[in-house]
Q: 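This structure is in structure tokens; I'll ask about it shortly.
These numbers come from a predicted model, not from an experiment. Position 1 is the first residue of the sequence; numbering continues from there. Only heavy atoms go into these numbers, but all of them, side chains included; no hydrogens, no water, no symmetry mates.
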Amino acid sequence: MENHRFEQLIIGAGFAGICAGIQLKKAGFDNFIILERGSHLGGTWRDNNYPGAACDVESHLYSFSFEQNPNWSRVFGPQQEILNYIGHCAEKYGLNPYIQLNTSVEKLVFDEEQGVWQVLCNNGKTYFAQSVISCSGGLSQPALPDIRGRDDFKGTMFHSAKWNHSYDLKGKTVAVIGTGASAIQIVPAIVPVVKELQLFQRTPPWIMPKIDGDISAFRRNMYSALPFMRSFYRWRLYWFHELAAYGFTRHPALLKFASKISALFLKRNVKDEALRKKLEPSYTMGCKRVLLSNDYYPAVQRENLHLITEHIDEINNTGIKTKDGVQHNLDAIVFATGFYAAEGVVMFDVRGRNGVSLNEAWKDGAEAYLGTSVAGFPNLFMVVGPNTGLGHSSMILMIEAQVHYILEAIKLMKNENLKSVDVKTETQKAFNEDLQQKLSKTVWQSGGCVSWYQTKTGKNVTLWPDFTFTFMKKTKKFEAEKYELVR
Ligand code: N01
């Protein structure tokens with residue numbers, strides 16, 4: 001068994017892990033490692049490579065503030081381009097030598113005596129580090145629905161985040177289960193290829209027009225030559241999205257206006273009234289993620305697409321049977337059914353002070369201080385931890401803010417020669433009481449839907465109920481007085 005000692009250990013080499021690595025290096029830290037379970041970096045942008053995959057936040061905002069890219073080819077960059085961008089960042093900032101691929105963390109154990117985390121991995125390796133920065137992703141565990149007979153199906157089936165590229169869809173009868181953010185990108189991309197597409201919809205989403213398109217060579221050259229023009233564009237995008245936060249969290253009247261636009265968009269695009277009825281959402285806009293697409297409604301109206309709103313009764317060896325007793329025979333099933341988010345923020349066994357497990361500490365729903373520190377788990381920092389997700393803007397903004405905060409903590413630990421920092425229980429409690437109070441007023445709690453934002457008991461443990469600049473302000477300074485410091 002190999003043993004390795006580091007000052008910091010980062011779990012995951014997606015956007016968050018790469019950001020943490022870059023900022024550690026920039027701050028002069030050199031004794032760290034990034035463990036990545038996959039055979040390539042990129043996280044969610046490596047895994048979600050299904051046909052049609054692209055960002056639904058503009059790339060000029062969905063990218064690092066310190067590494068703005070003048071060359072995005074489209075307003076909403078496609079998956080491969082985003083993956084290339086992450087690779088470019090790792091390369092440019094010299095991170096590749098720090099990344100250990102094919103290494104999946106299975107267990108973290110805190111040694112209080114030493115003030116060190118022991119990190120056990122699937123390949124038998126054990127690492128030791130004073131601080132662990134968990135960047136394992138908020139949406140990295142694909143959720144397969146618990147449908148009776150699911151494993152009896154004799155055809156091909158796979159999840160949207162584990163696309164089977166060796167399976168040729170041409171001429172096949174294919175089911176897509178789900179009509180969320182992934183499905184509305186997949187459906188238009190595959191419907192021209194398949195013989196028939198059976199689209200199983202449980203809840204119709206709110207869809208807005210996507211103001212997308214190629215970014216002209218002229219504009220790209222301008223962004224290269226005049227960086228302030230690029231920054232100005234990013235600034236405009238930023239404030240446009242912050243306005244949406246106002247609607248989601250404070251002023252639902254704004255959403256009424258947006259829902260009217262969405263309803264008009266549906267009416268303009270879908271002429272058949274019966275079909276339109278099926279596509280009309282019945283919950284308040286914003287309760288689930290608002291989707292952007294110009295090609296979903298046209299795809300749904302293609303002759304070879306059948307929108308099935310009858311609920312699924314079972315999956316059997318030849319296909320799917322719906323509650324009305326109709327059997328839909330299929331060659332393949334695509335599960336565009338989302339991820340374990342509220343229930344699975346951290347996917348490995350974590351043992352903090354006194355051997356307490358994180359799962360046990362979170363049995364009533366995950367919570368942390370600023371989505372980053374959890375009482376009883378010293379020197380463990382999370383990026384995209386509880387209640388840091390966004391319904392309205394770019395996650396990269398939150399990632400950068402959290403990484404900044406963590407760096408402040410790590411610098412303090414180094415400068416003051418601290419063995420450990422552990423957020424005070426009362427700090428975490430007060431923060432979460434305030435957070436849940438704010439959440440109770442948002443559309444996510446009152447919008448009349450069931451979403452992946454909530455646990456089974458309805459507690460929202462995923463979203464930040466405020467503007468991103470409020471989060472940035474709160475994470476600007478590491479407030480040592482809110483932590484128990486051990487020297
Ligand atoms: O997953 P989802 P997703 N029977 O949970 C349905 C991000 N993302 O992968 O609404 C039938 O949104 C479920 O139905 P219902 C983004 O944050 C970003 O699409 O629960 N249907 C729903 O329609 C997003 O929010 C990009 O009634 C079942 C669908 O499956 C998040 O990922 C792109 C079912 C799941 O939708 C997740 O999106 C893609 C069942 N038993 C995703 N179980 C970007 O562009 C579930 N469903 C950045």
Side-chain angles (χ1 to χ4, degrees), residues 9-12 14 16-17 35-37 43-44 103-112 115-122 125-129 131-146 161 337-389 402 406 420-429 431-433 435-436 439 450-464 483-484:
L9 183 144
I10 298 169
I11 304 173
L35 303 183
E36 167 54 53
R37 67 177 171 166
T44 192
T103 308
S104 181
V105 170
E106 291 195 328
K107 191 169 182 175
L108 298 181
V109 182
F110 188 64
D111 179 340
E112 210 170 337
V116 160
W117 282 98
Q118 185 186 14
V119 182
L120 297 100
C121 299
N122 63 335
K125 288 186 182 169
T126 302
Y127 298 85
F128 296 89
S131 308
V132 169
I133 308 175
S134 174
C135 302
S136 56
L139 298 172
S140 53
Q141 298 184 71
L144 288 176
D146 199 11
T337 44
F339 300 85
Y340 294 111
E343 317 285 349
V345 181
V346 168
M347 50 196 156
F348 30 82
D349 186 11
V350 184
R351 303 282 160 163
R353 271 177 24 200
N354 307 317
V356 171
S357 107
L358 189 58
N359 274 340
E360 186 55 27
W362 281 356
K363 64 180 187 311
D364 298 324
E367 58 175 51
Y369 177 58
L370 293 171
T372 309
S373 309
V374 185
F377 298 82
N379 306 359
L380 172 66
F381 304 102
M382 289 171 200
V383 185
V384 194
N387 294 104
T388 55
Q402 280 192 286
I406 294 165
S420 64
V421 295
D422 188 6
V423 69
K424 291 177 182 165
T425 307
E426 60 271 24
T427 299
Q428 182 176 316
K429 192 165 174 274
F431 173 80
N432 280 282
E433 278 170 6
L435 188 98
Q436 290 300 328
L439 275 163
V450 177
S451 74
W452 62 259
Y453 300 153
Q454 299 156 319
T455 62
K456 285 189 183 84
T457 58
K459 184 177 174 187
N460 188 321
V461 296
T462 53
L463 292 187
W464 173 246
Y483 285 72
E484 282 171 27

Q: Enter the distance from N359:CG to M347:CE here, rounded to the nearest 0.5 Å.
A: 12.5 Å
Q: Determine, step by step, whether R353 and S420 satisfy the side chain to side chain contact (heavy atoms under 4.5 Å, CB included) criterion, reporting the C-alpha distance in whole Å, the side-chain angles of both residues, the deciding distance to 0.1 Å, and the verdict.
A: CA-CA 11 Å; R353 271 177 24 200; S420 64; over 6 Å; no
Q: Rounded to the nearest 0.5 Å, how far does CG of N387 lie from CG of L435?
A: 4.5 Å
Q: Once the angle between the rings of F110 and W117 is folded into 0 to 90°, is it parallel (under 30°), tilted (30 to 60°) or perpendicular (over 60°)?
A: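 If you compare the ring of F110 with that of W117, the planes turn out tilted.
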Q: What is the ring orientation for Y369 with Y483, classed by angle as parallel under 30°, tilted 30 to 60°, or perpendicular over 60°?
A: perpendicular
Q: Looking at every heavy atom in both C135 and V383, which two are closest together, and how far apart are they?
A: SG-CG2, 3.7 Å
Q: I'd like to know if the side chain of N432 reaches the main chain of A368, judged simply by a donor and an acceptor atom lying under 3.5 Å from each other, with no hydrogens or angles considered.
A: yes
Q: Can you tell me how far the OG1 atom of T103 sits from the CD atom of E36, to the nearest 0.5 Å?
A: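 It is 8.5 Å, given to the nearest 0.5 Å.
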Q: Distance-only, no hydrogens or angles: does the Q402 side chain make a donor-acceptor pair with backbone N or O of G371 under 3.5 Å?
A: yes
Q: Between N122 and E106 (side chain of the first, backbone of the second, donor and acceptor by atom type, cut-off under 3.5 Å), is there such a pair?
A: no
Q: Heavy-atom distance under 4.5 Å between the side chains of W452 and L139, does that happen here?
A: yes
Q: Work out which heavy atom in P145 is nearest to a heavy atom in T337; give both atom names and the distance.
A: CD-OG1, 3.4 Å
Q: Please report the C-alpha distance between I11 and F348 in whole Å, then the side-chain angles of each, then the deciding distance to 0.1 Å, and finally whether the side chain to side chain contact (heavy atoms under 4.5 Å, CB included) criterion is met.
A: CA-CA 11 Å; I11 304 173; F348 30 82; 3.7 Å; yes
Q: Which pair of non-hydrogen atoms, one from C121 and one from L35, has the smallest distance, and what is that distance?
A: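 Minimum heavy-atom separation between C121 and L35: SG-CD1, 3.8 Å.
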Q: Tell me whether S140 contacts the main-chain N or O of S136 through its side chain, where contact means a donor paired with an acceptor under 3.5 Å.
A: yes
Q: Do L108 and F377 touch side chain to side chain, with heavy atoms closer than 4.5 Å?
A: no
Q: Could you give the distance from CD (E360) to CZ (R351), rounded to the nearest 0.5 Å?
A: 9.0 Å
Q: Between A129 and L9, what is the shortest heavy-atom contact and its length?
A: CB-CB, 3.6 Å
Q: List the steps and the verdict of side chain to side chain contact (heavy atoms under 4.5 Å, CB included) for D111 and F128.
A: CA-CA 10 Å; D111 179 340; F128 296 89; over 6 Å; no
Q: Contact between K459 and E367 at the side-chain level, heavy atoms closer than 4.5 Å - yes or no?
A: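 SC-SC contact between K459 and E367 confirmed.
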Q: Quick check: does any side chain N or O of T372 sit under 3.5 Å from a backbone N or O of L370, one acting as donor and the other as acceptor?
A: yes
Q: Are S373 and F381 close enough that some pair of their side-chain heavy atoms sits under 4.5 Å apart?
A: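 Answer yes - side chains close enough.
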Q: Provide the closest heavy-atom pair for V461 versus A366 in the form atom of the first, atom of the second, distance.
A: CG1-O, 3.4 Å
Q: Passes side chain to side chain contact (heavy atoms under 4.5 Å, CB included), W362 versus V374? Steps please.
A: CA-CA 10 Å; W362 281 356; V374 185; 3.7 Å; yes
Q: Strictly distance-based, threshold 3.5 Å: is any side-chain N or O of Q454 a donor or acceptor partner for the main-chain N or O of T462?
A: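 Here the side-chain-to-backbone pair does not exist.
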Q: Grab the two heavy atoms, one from L358 and one from M382, that are nearest each other, plus how far apart they are.
A: CD2-CE, 3.9 Å
Q: Is there a donor-acceptor pair closer than 3.5 Å between any side-chain N or O of Q118 and the backbone N or O of T126?
A: no
Q: Any donor-acceptor pair under 3.5 Å linking the side chain of D422 with the backbone of G376?
A: yes
